[in-house]
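Lettering follows sequence order; numbering is per chain, from 1. Computed over heavy atoms, backbone and side chain alike; hydrogens, waters and symmetry mates excluded.
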Amino acid sequence: MAHEHHIPSARFMTIILGLLLTATALTVYTALKIDLGQVGNLIIALLIAAFKAALVVGFFMHLHWDNRFNACVLLYCLIAAGTFLLFTTIDMTSRGAVDPWRAVTTPPPLVDNARERAIADGRLDEHGNPVDEHAEDHGHSAESDGTDHGADHGADENVSH
Amino acid sequence: MTTIPAHDNENAGAANWERYRHQPHWRNNQDEYDAAKFGMWLFLSTELLLFSGMFVAYTIFRIMHTETWGNASHHYLDWRIGAINTVVLLISSWTMVMAIRSAQVNHQRALRFHLVVTILCGLFFLGAKVGFEYLPKLAKGEVPGSAFDYIGSHGYVPSDYDPLFLGLYWVATAIHGSHVLIGVGLLTWCLLRAGKKHFGPKHFTALENVGLFWHLVDLIWIFLFPLLYLVG
């Protein structure tokens with residue numbers, strides 16, 4: 001393989017093109033005329049597409065005659081893409097089985113609602129500013145959370161944690 | 001392998017394939033060719049991973065909104081345009097193969113002819129895409145996201161998730177289309193170089209790698225066509 005470029009015959013490549021066009025016609029025919037349900041038709045279409053892809057990669061892209069390193073690159077890529085698709089599909093199709101279980105066993109989400117609770121308790125006013133019980137001595141509460149440096153309306157998000 | 005004196009190479013400006021000499025950091029032309037092709041395959045694998053993200057998105061949205069996917073695919077997309085474009089791309093892949101073969105057997109006229117046909121097929125694909133799909137869709141408001149402005153016709157009422165389907169359709173086909181456009185540009189560059197007899201039996205690295213890119217574009221379309229236009 002090292003020092004000879006494979007020269008495919010024109011006849012062979014034309015046969016491959018014929019196979020590809022036939023497979024395309026078959027894809028269209030099965031999708032429009034044969035009803036196997038949405039999943040069944042999808043699987044048929046993907047199988048034909050995989051067959052076409054194998055023809056293009058193997059012969060049009062010369063991988064069949066090529067340095068095996070190049071095939072390894074493609075193989076790595078297919079394993080990665082296959083992993084993405086496989087785990088996505090497993091996740092998306094098993095939600096129905098998992099969600100009821102989650103509803104019973106999972107603790108409630110840890111929502112950071114400290115600010116809302118503080119407003120409800122009356123520790124903060126409705127703008128999120130601290131309700132200062134000793135309005136006259138400002139310098140005293142410096143250790144609280146740093147929101148008492150004047151009328152600090154812009155620091156709402158600081159208060160919540 | 002080839003022992004062409006350096007001055008000979010300089011005289012020709014490395015123009016003719018017979019006089020091509022590898023870059024000085026390679027042992028020989030074959031090593032240079034192999035490395036370039038290996039690099040091209042690495043690049044193609046990143047391209048496949050780019051598109052795999054879209055196929056993952058397709059998987060998620062299709063499972064979440066199976067009904068919308070079936071209806072929207074049949075209402076918004078005409079499989080006949082997709083099928084014609086598929087055939088055109090497959091034929092262009094074949095002419096690309098024949099162009100490389102022509103270079104390998106030193107048929108310069110056939111090489112240029114096959115490149116021209118490949119470029120025309122690519123332009124046809126883009127023309128059909130823009131003329132029969134993108135422009136009418138823009139006019140009717142069949143666009144993704146909040147720009148969606150389609151009220152339905154022939155008794156078809158758009159579902160809430162139609163903009164999502166169209167979003168995937170537009171992003172996937174437009175990124176694919178931009179690859180076709182780039183491919184046409186690269187093929188034109190190859191045609192210009194072929195006119196100067198840069199490609200021949202001993203040297204056709206650039207032609208081979210552009211060919212690989214062009215086949216990748218075809219490969220992506222082989223999956224996009226049934227997933228978007230047919231099975232929905």
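With chain B as partner, the option from A:Ala45, A:Gly82, A:Ser9 having the largest number of non-hydrogen pairs under 4.5 angstrom is A:Ser9. Most heavy-atom pairs under 4.5 Å with chain A: of the set B:Trp41, B:Phe38, B:Phe225, this distinction falls to B:Trp41. Between chain B and the options A:Leu42, A:Leu85, A:Val56, the largest number of non-hydrogen pairs under 4.5 Å is found for A:Leu42. Contact count versus chain A (heavy atoms, under 4.5 Å) is highest, among B:Glu208, B:Met64, B:Met96, for B:Glu208. Taking chain B as the reference chain and counting heavy-atom pairs below 4.5 Å, the highest number among A:Leu74, A:Asp91, A:Thr24, A:Leu32 is found for A:Leu32.
Remark: B:Leu168 CG to B:Leu224 CG distance equals 8.5 Å, nearest 0.5 Å.
Contacts of A:Ile16 with chain B are absent, with no heavy-atom separation under 4.5 Å from either backbone or side chain. Only the side chain of A:Ala31 comes within contact range of chain B, judged by heavy atoms closer than 4.5 Å. The contact between B:Ile63 and chain A is made entirely by side chain atoms (from C-beta outward), counting heavy-atom distances below 4.5 Å. Heavy-atom distances place no part of A:Thr30 under 4.5 Å from chain B, backbone and side chain included. Interface residue A:Thr27: backbone and side-chain heavy atoms are both found under 4.5 Å from chain B. Neither the backbone nor the side chain of B:Phe51 comes within contact range of chain A; no heavy atom of the residue lies under 4.5 Å from a heavy atom of that chain. The contact between B:Val87 and chain A is made by backbone and side chain atoms together, counting heavy-atom distances below 4.5 Å. Interface remark: A:Val28 contributes backbone and side-chain atoms alike to the contact with chain B (heavy atom separation under 4.5 Å). When heavy atoms are compared at a cutoff of 4.5 Å, B:Trp94 approaches chain A by way of both its backbone and its side chain. If you measure heavy-atom distances from B:Ser93 to chain A, the contacts under 4.5 Å come from both the backbone and the side chain. For A:Leu63, the part lying under 4.5 angstrom from a heavy atom of chain B is the side chain only.
Aromatic ring centroids of B:Phe125 and B:His176 lie under 6.0 Å apart. Checked against the 6.0 Å centroid threshold, A:Phe59 and A:Trp65 count as a close aromatic pair. Under the 6.0 Å cut-off for aromatic ring centres, B:Trp69 and B:Phe165 qualify, their centroids lying closer than that.
Counting only distance, with no hydrogens or angles, the side chain of A:Asp66 and the backbone of A:Ala71 share no donor-acceptor pair below 3.5 Å. Counting only distance, with no hydrogens or angles, the side chain of B:Arg193 and the backbone of B:Phe199 share no donor-acceptor pair below 3.5 Å. The main-chain N or O of B:Leu166 is never found under 3.5 Å from a side-chain atom of B:Tyr76 such that the two would form a donor-acceptor pair.
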* Derivation and outcome, side-chain hydrogen bond (donor to acceptor under 3.5 Å, both in side chains), residues A:Thr88 and B:Thr59 -> CA-CA 7 Å; A:Thr88 305; B:Thr59 309; over 6 Å; no
* Asked: How far apart are the C-alpha atoms of B:Glu47 and B:Ile220, what are their side-chain angles, what is the distance that settles it, and do they pass the side chain to side chain contact (heavy atoms under 4.5 Å, CB included) test?
  -> CA-CA 10 Å; B:Glu47 289 278 57; B:Ile220 301 292; over 6 Å; no
* To do: Would you please test B:Tyr156 and B:Asp162 for side-chain hydrogen bond (donor to acceptor under 3.5 Å, both in side chains) and show each step?
  => CA-CA 11 Å; B:Tyr156 180 84; B:Asp162 279 13; 2.7 Å; yes
